[in-house]
Asks: 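Here it is, the structure, as structure tokens.
Quick note: numbers below take in every heavy atom, side chains included, and nothing from hydrogens, waters or symmetry partners. First listed ligand is number 1; within each ligand, the first listed atom is number 1. All residue numbers refer to positions in the sequence shown, counting from 1.
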Amino acid sequence: MTTTTLPTPADLTITPRDRKFGRETPAQRLWHGGRVEATAIYNALSSTFPLGEAFFVESVRKFRDGAPPKLAEEIKGFTTQEAIHSREHDAFNRRATDAGYDLTKLEEQVARRLSITKSKPPIVSLAATMALEHFTAILAHQLLKNAGHLDGADPEAADLWRWHACEEIEHKGVAYDTWLHATRDWTRWKRWSVKARVMLYVTRNFVVDRTAGALELMRQDGVTELNAWARLLWYLWVRPGVFSKIGGAWLKFFLPGFHPWNEDDRDLLRRYEASAAALTAPAPLKKVRNAA
Ligand SMILES: [Fe+2]
Ligand SMILES: [Fe+2]
């Protein structure tokens, strides 16, 4: 049996922040700075979250029995965070629908991909979750590190994406640690080969499906063919170029000894907390005034 050390920081706590976004204001179609391609790719991503995150929760839960107490606690935090993310992205997606988009094709594609994975042994679902959680963590890192990604976006929508990003960083080690625990009896080679193959598979699907989803939404805005491809590819790969910016972090997944917490990016969480605290400051002040 191989032994495993879990480099998740010992003092990390996973805190669900039960927040609600965009319930009071009317839905805006081109919420991302009036830009068709920016709105399309974020809406395409959001359309995957309610089903996708429910799948992550289900996949990790299947392996929680017998987990060490700290990991069991982290799984609880992770599943609560993901359930709240699903709820908020469901609300966000309803607003996109209210604004006139039809997300049906995108959601059907997610359901199709998930049913293929679910037809395989549960460890494959856990591996896919671990790989996709690395994806969301490095995207989240990018989003919080470079404010430019959300430049011009509707403030409440931007707030939703930053809140989600913060929690994705916070729980980025949970699926990975669950995988390490579930495969503790595997050889290093078997672990690496399964996780590498699954990562290549989910990456191909992620890039192809999100691109197709964004193109479909752009089509609904009347932007089609070469014009749509050029604008979307420029946005994703050049400026702000989120996909090319995460390339290096994506590659690290394949290194021997990789662990999501090999990079401790909790400075981004602290920065987020400082700004979020500033945003919510008026509420308690008002309470005090009312009480007085
Ligand atoms: Fe999430
Ligand atoms: Fe997550």
Asks: State whether Arg17 and Glu273 are salt-bridged, where the test is any N-O pair (Lys NZ or Arg NE/NH1/NH2 against Asp/Glu carboxylate O) under 4.0 Å.
Replies: yes
Asks: Can you tell me the N, O or S atom of His164 that's nearest the Fe ion (ligand 1)?
Replies: NE2
Asks: Can you tell me if Glu170 uses its side chain to pair, donor with acceptor, with the backbone of Leu269 under 3.5 Å?
Replies: no
Asks: At a cut-off of 2.8 Å, what protein N/O/S atoms sit near the Fe ion (ligand 2)?
Replies: Glu82 OE2, Glu133 OE1, Glu133 OE2, Glu168 OE1, Glu168 OE2, His171 NE2
Asks: Short question: side chain of Ser46, backbone of Tyr42 - any donor-acceptor pair under 3.5 Å?
Replies: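 Not confirmed, Ser46 side chain does not pair with Tyr42 backbone.
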Asks: Quick one about His89 and Glu53 (side-chain donor to acceptor, distance below 3.5 Å, no hydrogens or angles considered), yes or no?
Replies: no
Asks: Using a 3.5 Å distance criterion without hydrogens, assess whether the side chain of Lys190 forms a donor-acceptor pair with backbone atoms of Thr183.
Replies: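 Here the side-chain-to-backbone pair does not exist.
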Asks: Does a side-chain N-to-carboxylate-O contact under 4.0 Å join Arg219 and Glu225?
Replies: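 So Arg219 does not pair with Glu225 through a salt bridge.
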